[in-house]
Amino acid sequence: MSDNQTLPVFDARRRRFALQSVALGGSVLLAGTARAAGTEAAPAPNQTSGPVQQDGLDPRLTMHALDTWHGTPAAGMRVDMFRIEDGQAKHMQTVKLAASGRSEPPLLIGDAYRAGTYELLLHVDEYFAARKAELPQPLFLSKIPLRFRVTDVTQRIHLPVLFGPWSYNYYRGS
Amino acid sequence: MAAGITTHVLDVSLGKPAAGMQIELFDMSTQPPTLITRTRANRDGRTDTPILPAAQARAGDFELRFWVADYFRTPDVFADVVPVRFTVADAAQHYHVPLLCSPWSFGTYRGS
């Protein structure tokens, strides 16, 4: 576990937030709410391996979530996947991201990889709580929906998402 | 800037505002979500009036939906609609929630 290594970082952040909290009169920041909600310890993100090269692999859908607040993969984050049909979201699966922040195995592959509209729902509130991130509650972004389409099943789709408490980006990756 | 919600859509593939893109704002406290406003981005990529005016400002969960596929028109746009779900924690504050987009990338942030 890397807990011993990450603790000093959190301590520094805690002090910083404590100072900001004083500056704001303590009205906005309810530190501790997020920590109290985190019942499960966050799994350690893997930061010892490099990028994964997927060039030439069979068609599939993969994702990779990076936490730009901590500078780590979003290890252990829960992600719900839905298929959107006639405006209705049908739950397909719920996955927990690997220590690399990736969906392992692929979200869709083989016969399951079909054209259509999909949505991934990132449970960032649970994730940040498990990492004991001290953020003002309620969060600006609690559940992040990532809606996308598969239009050509002969092409592989990789969906990276970069997220923090106040922003996110997702795109068609490689 | 008064309280409420505003947005701004920029087409980063053109380096220009995404003029004409349809934008909706939903109240997420109901099931199903309730449509509050449906409008289009003006030539500056903004809405002519705040998408949630100060008089209607309130804390709660909202969702902006950006109709990107209709705007970009290319067949392989990565999404039909981009939903941006967020929480207004303090109704006294202004929430500016922009979308930066190309046909294959979408990003948002709490702006100002």
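By convention in this document, chain letters (A, B, ...) are assigned in the order of the sequence lines, proteins followed by strands, and residues within each chain are numbered from 1. Nothing here was measured: the structure is a model prediction, and the numbers come from that model.
For residues 62-72 of chain B, heavy-atom neighbours of chain A at less than 4.5 Å comprise B:E63, B:A69, sorted by residue number. Residues of residues 86-95 of chain A having a heavy atom under 4.5 Å from any heavy atom of chain B: none. By a heavy-atom distance cut of under 4.5 Å, A:R149, A:T151, A:I157, A:L159, A:W166, A:S167, A:Y168, A:N169, A:Y170, A:Y171, A:R172 are the residues of residues 149-174 of chain A near chain B, going up by number. Listed in order of number, the residues of residues 113-120 of chain A that approach chain B to under 4.5 Å between heavy atoms are A:T117, A:E119.
Connection of B:L52 to B:F26 is not established within any shared hydrophobic cluster, with ILVMFWY side chains joined at heavy-atom distances below 4.5 Å, either directly or through further cluster members. Under the 4.5 Å side-chain heavy-atom criterion for Ile, Leu, Val, Met, Phe, Trp and Tyr, B:L99 and B:L14 are members of the same hydrophobic cluster. Cluster annotation: A:L121 is not connected to A:M81 through the hydrophobic network of ILVMFWY side chains, with a link wherever side-chain heavy atoms come within less than 4.5 Å. B:V84 and B:L10 fall into different hydrophobic clusters, where Ile, Leu, Val, Met, Phe, Trp and Tyr are joined by side-chain heavy atoms under 4.5 Å apart, directly or via other members. The hydrophobic cluster containing A:F148 does not contain A:F82, counting ILVMFWY residues as joined when their side-chain heavy atoms lie under 4.5 angstrom apart, directly or transitively.
Nearest approach of A:F140 to B:Y95, heavy atoms of both residues: CE1-CD2, 3.8 Å.
The CG atom of A:L122 lies 10.5 Å from the CZ atom of B:R85; values are rounded to the nearest 0.5 Å. A distance of 13.5 Å separates CG of A:L141 from OH of B:Y109, quoted to the nearest 0.5 Å.
With a 4.5 angstrom heavy-atom cutoff, B:V97 touches chain A only via side-chain atoms. Heavy atoms closer than 4.5 Å to chain A are found in the backbone of B:P75, but not in its side chain.
Here B:A79 is the residue among B:G111, B:A79, B:C101, B:G107 with the most heavy-atom pairs under 4.5 Å with chain A.
Side-chain contact between A:K143 and B:T87 is absent, with no heavy atoms from C-beta onward closer than 4.5 Å. A:R147 is not listed as a side-chain neighbour of B:V82, based on a closest heavy-atom distance of 4.5 Å or more.
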